[in-house]
Amino acid sequence: MHIWKVKMKNVNVVAAIIIRTDENSKKNVFATQRGYGDFKDGWEFPGGKIEEGESPESALAREIKEELATEIQVGEYIDTIEYDYPKFHLSMRCYACTILSGKLELLEHENAKWLTKETLNSVDWLPADILILDKVKNLL
């Protein structure tokens with residue numbers, strides 16, 4: 001008897017773990033709520049697909065500029081999350097980032113929040129993003 005494994009589409013993306021220190025000297029991370037697609041209303045760390053010939057770091061800087069009209073400094077690589085969604089396999093490279101310029105305008109997302117270590121679990125995260133939360137907590 002053979003068990004056939006269906007080859008799922010592989011989607012390679014990058015995610016920005018954008019961290020700032022607020023006026024109370026407390027660290028916050030930026031989370032966005034999807035405004036479109038199969039995962040509309042789910043919360044995620046912003047980012048997007050890596051295009052052919054693009055480095056993950058330059059893809060991330062481009063995506064944040066396109067989605068949030070903001071320039072970021074892509075910093076330390078945090079981790080790669082591997083997650084099987086029903087229709088595809090997601091490989092998500094996560095980087096710690098800081099804002100260089102811009103006001104994080106929501107051009108594609110329907111909502112956004114700055115979250116602290118204490119409020120990190122207060123939003124309905126997408127399944128793949130849940131897997132990076134422990135490492136994000138360590139940065140806050």
Side-chain angles (χ1 to χ4, degrees):
M1 187 169 105
H2 292 289
I3 297 174
W4 300 101
K5 190 165 182 172
V6 177
K7 180 103 172 90
M8 287 173 66
K9 185 171 106 173
N10 217 10
V11 178
N12 293 309
V13 300
V14 281
I17 311 300
I18 301 172
I19 295 178
R20 70 163 190 198
T21 303
D22 68 17
E23 60 280 353
N24 301 317
S25 301
K26 198 156 182 59
K27 285 189 175 180
N28 298 253
V29 65
F30 190 70
T32 53
Q33 188 176 29
R34 286 183 74 95
Y36 57 90
D38 289 348
F39 302 103
K40 182 178 173 356
D41 300 330
W43 286 81
E44 65 183 353
F45 293 106
K49 290 185 182 152
I50 303 169
E51 292 180 358
E52 192 68 39
E54 209 174 22
S55 73
E57 295 85 353
S58 60
L60 190 51
R62 175 187 52 75
E63 284 285 347
I64 298 305
K65 193 169 187 131
E66 288 173 6
E67 292 182 6
L68 298 165
T70 297
E71 286 197 41
I72 57 166
Q73 173 73 49
V74 178
E76 181 188 347
Y77 164 75
I78 299 170
D79 201 0
T80 298
I81 299 299
E82 303 287 345
Y83 189 83
D84 287 328
Y85 280 101
K87 296 178 183 169
F88 62 93
H89 175 80
L90 183 77
S91 183
M92 179 172 72
R93 294 179 62 89
C94 302
Y95 292 86
C97 301
T98 53
I99 296 171
L100 293 175
S101 66
K103 293 186 173 70
L104 295 169
E105 296 172 47
L106 300 182
L107 303 177
E108 293 186 18
H109 297 90
E110 64 183 54
N111 201 353
K113 288 182 180 180
W114 285 101
L115 301 169
T116 64
K117 189 184 284 192
E118 294 75 28
T119 61
L120 199 56
N121 293 319
S122 68
V123 298
D124 189 13
W125 292 101
L126 292 175
D129 291 75
I130 288 170
L131 300 177
I132 194 75
L133 291 182
D134 284 342
K135 292 195 174 171
V136 171
K137 275 184 188 157
N138 291 336
L139 297 172
L140 297 175

Is NZ or CZ of R93 both nearer than 6.0 Å to the six-membered ring centre of Y95 and within 45° of the ring axis?
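Pair R93/Y95 does not count as cation-pi.
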
Should L120 and L133 be marked as a side-chain contact (heavy atoms from CB on, under 4.5 Å) after you check the CA-CA gap, both sets of side-chain angles, and the distance that decides it?
CA-CA 8 Å; L120 199 56; L133 291 182; 4.0 Å; yes

Would I64 end up clustered with V136 when hydrophobic side chains under 4.5 Å apart are linked, directly or stepwise?
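No, because I64 and V136 fall into different hydrophobic clusters, even though each may have its own neighbours under 4.5 Å.
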
Got a sec, which residues hit ring-ring contact (aromatic ring centres under 6.0 Å, His included) with W43, two or more places apart in sequence or on another chain?
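W43: no ring-ring contact (aromatic ring centres under 6.0 Å, His included) contacts found.
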
Parallel, tilted or perpendicular, judged at 30° and 60°: which one describes the rings of F88 and F39?
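Geometry flag for F39 against F88: perpendicular rings.
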
[Y] side chain reached by [X] side chain, heavy atoms, under 4.5 Å:
X: V29; Y: L139; result: no
X: W114; Y: I18; result: yes
X: V123; Y: L115; result: yes
X: K87; Y: D38; result: yes

Exercise answer: donor-acceptor pairs, residues 98-113 side-chain atoms, under 3.5 Å, sequence neighbours excluded:
residue	atom	partner	partner atom	Å
H109	NE2	T32	OG1	3.3
H109	NE2	E44	OE2	3.4
E110	OE1	K40	NZ	2.6

Starting at [atom1] of [X], measure out to [atom2] of [Y] and round the result to the nearest 0.5 Å.
X: I17; Y: C94; atom1: CD1; atom2: SG; value: 5.0 Å
X: L126; Y: F45; atom1: CG; atom2: CZ; value: 10.5 Å
X: Q33; Y: W125; atom1: CD; atom2: CH2; value: 11.0 Å
X: I50; Y: E63; atom1: CD1; atom2: CD; value: 9.5 Å

Would you mind writing out the side-chain donor-acceptor pairs for residues 74-83 within the sub-3.5 Å range, not counting sequence neighbours?
residue	atom	partner	partner atom	Å
Y77	OH	T80	N	3.0
Y77	OH	T80	OG1	2.6
D79	OD2	K135	NZ	2.8
E82	OE1	H89	NE2	2.5
E82	OE2	S91	OG	3.1

Please name the pair of heavy atoms, one in L60 and one in A16, separated by the smallest distance, quoted to 0.1 Å.
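Result for this residue pair: CD1-N, 3.6 Å.
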
Audit row: F30, L68, side-chain contact (heavy atoms from CB on, under 4.5 Å) steps and yes/no
CA-CA 11 Å; F30 190 70; L68 298 165; 4.0 Å; yes

Can you tell me which residue pairs pass the salt bridge (charged side-chain N to carboxylate O under 4.0 Å, His left out) test with a partner in residues 48-61, sequence neighbours excluded?
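Every salt bridge (charged side-chain N to carboxylate O under 4.0 Å, His left out) pair that includes a residue of residues 48-61, provided the two are not neighbours, is E51-R62, E54-R62.
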
Would N28 and I19 count as a side-chain contact (heavy atoms from CB on, under 4.5 Å) here? Give the steps.
CA-CA 6 Å; N28 298 253; I19 295 178; over 6 Å; no

Only counting residues at least two apart or in another chain, list the ones meeting side chain to side chain contact (heavy atoms under 4.5 Å, CB included) with E118.
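Once residues adjacent in sequence are excluded, the partners of E118 under the side chain to side chain contact (heavy atoms under 4.5 Å, CB included) criterion are K26, T116.
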
Pairing residues for K65 by the salt bridge (Lys or Arg N to Asp or Glu O under 4.0 Å) criterion, not counting sequence neighbours
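Partners of K65 under the salt bridge (Lys or Arg N to Asp or Glu O under 4.0 Å) test: E71.
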
Does CG in D134 sit with more than 12 non-hydrogen atoms of other residues, nucleotides or ligands closer than 6.0 Å?
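Check fails, neighbour count at 12 or below.
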
Qualifying residue for side chain to side chain contact (heavy atoms under 4.5 Å, CB included) with M92, from D129, L131, V14
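Testing each of D129, L131, V14 against M92, the sole residue satisfying side chain to side chain contact (heavy atoms under 4.5 Å, CB included) is D129.
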
Sidechain-backbone polar pair: T119 side chain, S122 backbone, donor-acceptor under 3.5 Å:
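No, T119 side chain to S122 backbone: no donor-acceptor pair under 3.5 Å.
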
